[in-house]
Amino acid sequence: MTTELLAPLDLAFWHLESATHPLHLGALAHFGPVPAPPGDEPPDVLELLARRAAAVPRLRMRVRDVLIPVGGAAWSADPDFDVRRHVREITLPGADFPAETARLAAELMERPVERGLPPWEMYLLSGAPDGSFAVLVKLHHALADGMRAVAIGAGIFDEIAAGRRPARRSRPVPPRSPLPGLSSLSSLSGLPGPGRLLDIARDRLGDLGRAVEVGASVVRASRLDGRPTAALAAHSSGTRRIATATLSLDRVHRVRRTTGGTANDVLLAVVAGALRRWFDERGLPLPGADPRALVPVSRRRPGAPPGPGNSLSGYLLDLPVTEPDPAARLAAVRRAMDRNKAAGPFRGAGAVALLADQLPPLAHRFGAPFASGAARLLFDLLVTQVPLPRSALSLGGAPLRALFPMAPLARGQSLAVAMSPYDGRVHIGLVADGAAVPDLDALAAALTAELDLLDPPERGEEPGA
């Protein structure tokens, strides 16, 4: 049976999960009605989902413990794979379909995926009066980062499924080990020569040096009191709320062309302004220090195929919530992100994910209970952007209208903001701890209002759209 060891960061995500803090990514996709072919019945969307998901090899893999390396785990094909255990349909009343799907998605996102099975789920949400429908996708973070999740999930769309080639049998990946040739007891005859051993030792010392550098920067950036921004503190209620917002991508780029920087800088400034507005509307005092956001950064090379597992680093960004001027907020974000990019994703406290590569599997297994609360020492919320294919997408002929990504909440965190540009709009999914952020819809509305401050709507233009 083909097996593949979990990479160190994947193994960390696998062990960091708990019942109240499941570590799966999500996406809530809204589709228009399925067109009925002339003289024929429209396709069965549930059957289509099941068939296409079953054709993605990665979705047939589950996690199993291994003996070597000690504490490690590997992906292996599930011999009893049944796609019907992963793909289900839920019919909603349909009186307010968008709101109903968000409420149900929040309930479903609370629940960890079943760990003895391939760690993913899909739900077809039907019941809209006009025949439109939604699909909720859950993928464990050990299975994929955002880019890889898009590549896996895209297999359900008509355009990608039609061009899929039969999967080639992949070669087993040897377990990670300190020295090549020592990955298993059967390979002792393949020991490297003295010169190669020196090269390996030099590489390992370099890795250790980088780990020490990252570790030192993490300690410097840590807030040792462990207290996040008061209004963003979570007490692990285990409940989830989900809200969505949609912004005009043309207007985001219009701001970018006027002020400089990137579209992501503009969106980060919008999040900062929305938080300020949200604090004010709730009658809360502004925090004494700006809330800190973790902005994940992919380590994959542009244009490179999305390989298996996670390949992430990150930047830490103090969102300028205490700055009252919208233009000054954007300028502060741009300067901070320019500094982050100049340092690169492999340096600084935001690169804490790189430490996972330097730890043995046993450390991930037994260190997870201690590491799970470390996130609150570094950041208050997660803000991430998930790219989508630029081409128009459909499922069973039904056009994709919107896709709202959803990021997991680390222990001690109460808010995660994920954004995906698609079809001229930026679709934003907000996931929050249900007890810590009960009025998440107000924060979603504040995002629209903040873009209007940076780019006042033109005559006849719908605000926020």
Side-chain angles (χ1 to χ4, degrees), residues 17-30 90 92-93 95-113 121 123 125 134-139 141 228-247 270-272 274-284 287 291 293-294 319 321 375-376 379-384 386 402-420 426-450 464:
E17 182 175 68
S18 68
T20 55
H21 288 86
L23 284 180
H24 48 251
L25 309 171
L28 181 62
H30 285 269
I90 300 176
L92 299 170
D96 187 353
F97 191 70
E100 291 166 8
T101 57
R103 284 194 295 268
L104 180 58
E107 294 178 15
L108 295 172
M109 289 293 287
E110 289 177 9
R111 309 173 189 173
V113 295
E121 299 169 359
Y123 294 88
L125 309 181
V135 174
L136 174 68
V137 180
K138 293 169 55 177
L139 295 173
H141 213 333
T229 301
L232 297 177
H235 298 288
S236 303
S237 72
T239 61
R240 294 290 181 268
R241 290 180 184 270
I242 288 175
T244 62
T246 304
L247 305 179
V270 166
V271 172
L275 283 170
R276 179 184 174 89
R277 180 184 295 267
W278 182 66
F279 285 134
D280 182 63
E281 290 176 348
R282 297 175 74 195
L284 296 172
L294 174 66
L319 293 172
V321 170
R376 66 186 301 157
F379 60 93
D380 300 306
L381 71 158
L382 175 75
V383 184
T384 184
V386 181
L403 190 148
F404 299 100
M406 291 173 285
L409 293 180
R411 184 180 299 277
Q413 309 298 310
S414 62
L415 178 64
V417 182
M419 304 176 281
S420 282
V426 182
H427 300 100
I428 304 176
L430 299 96
V431 178
D433 183 278
V437 190
D439 51 351
L440 192 60
D441 287 336
L443 181 56
L447 293 165
T448 299
E450 282 304 307

Do E107 and R240 pass the salt bridge (Lys or Arg N to Asp or Glu O under 4.0 Å) test, and can you show the C-alpha distance, the side-chain angles, and the key distance before you say yes or no?
-> CA-CA 7 Å; E107 294 178 15; R240 294 290 181 268; over 6 Å; no

Non-hydrogen atoms of [X] and [Y] that approach each other most closely:
| X | Y | answer |
| --- | --- | --- |
| A95 | E100 | N-OE2, 3.1 Å |
| P112 | E121 | O-OE2, 4.3 Å |
| T101 | A134 | CG2-CB, 4.2 Å |
| V321 | A272 | CG2-O, 3.7 Å |
| A444 | A245 | O-CB, 3.7 Å |
| L403 | P405 | O-CD, 3.4 Å |

Please confirm whether R282 makes a cation-pi placement over W278, using NZ or CZ under 6.0 Å from the six-membered ring centre and within 45° of the ring normal.
-> yes

Could you measure the distance from the [atom1] atom of [X] to the [atom2] atom of [Y]? Nearest 0.5 Å is fine.
| X | Y | atom1 | atom2 | answer |
| --- | --- | --- | --- | --- |
| L443 | L415 | CG | CG | 6.0 Å |
| L430 | L447 | CG | CG | 6.0 Å |
| M109 | L28 | CE | CG | 9.5 Å |
| T244 | D441 | OG1 | CG | 8.0 Å |
| L247 | M419 | CG | CE | 9.0 Å |
| T246 | H30 | OG1 | NE2 | 9.0 Å |

With S414, the side chain to side chain contact (heavy atoms under 4.5 Å, CB included) member among L409, V437, L381, V431 = V437

Report the C-alpha separation of L382 and Q413 in whole Å, then their side-chain angles, then the decisive distance to 0.1 Å, and conclude whether the side chain to side chain contact (heavy atoms under 4.5 Å, CB included) test is met.
-> CA-CA 8 Å; L382 175 75; Q413 309 298 310; over 6 Å; no

Treating [X] as the side-chain partner and [Y] as the backbone partner, does any N or O pair qualify as donor plus acceptor under 3.5 Å?
| X | Y | answer |
| --- | --- | --- |
| D439 | A442 | no |
| E450 | A446 | no |
| S420 | V386 | yes |
| E17 | L23 | yes |
| K138 | R111 | yes |

Can you list the steps and then say if Y123 with V135 is a side chain to side chain contact (heavy atoms under 4.5 Å, CB included)?
-> CA-CA 6 Å; Y123 294 88; V135 174; over 6 Å; no

Would you check if P408 and H24 make a side-chain contact, meaning some heavy-atom pair closer than 4.5 Å?
-> no

Do the non-hydrogen side-chain atoms of R411 and S18 ever get within less than 4.5 Å of each other?
-> yes

Report the C-alpha separation of I428 and V417 in whole Å, then their side-chain angles, then the decisive distance to 0.1 Å, and conclude whether the side chain to side chain contact (heavy atoms under 4.5 Å, CB included) test is met.
-> CA-CA 7 Å; I428 304 176; V417 182; 3.7 Å; yes

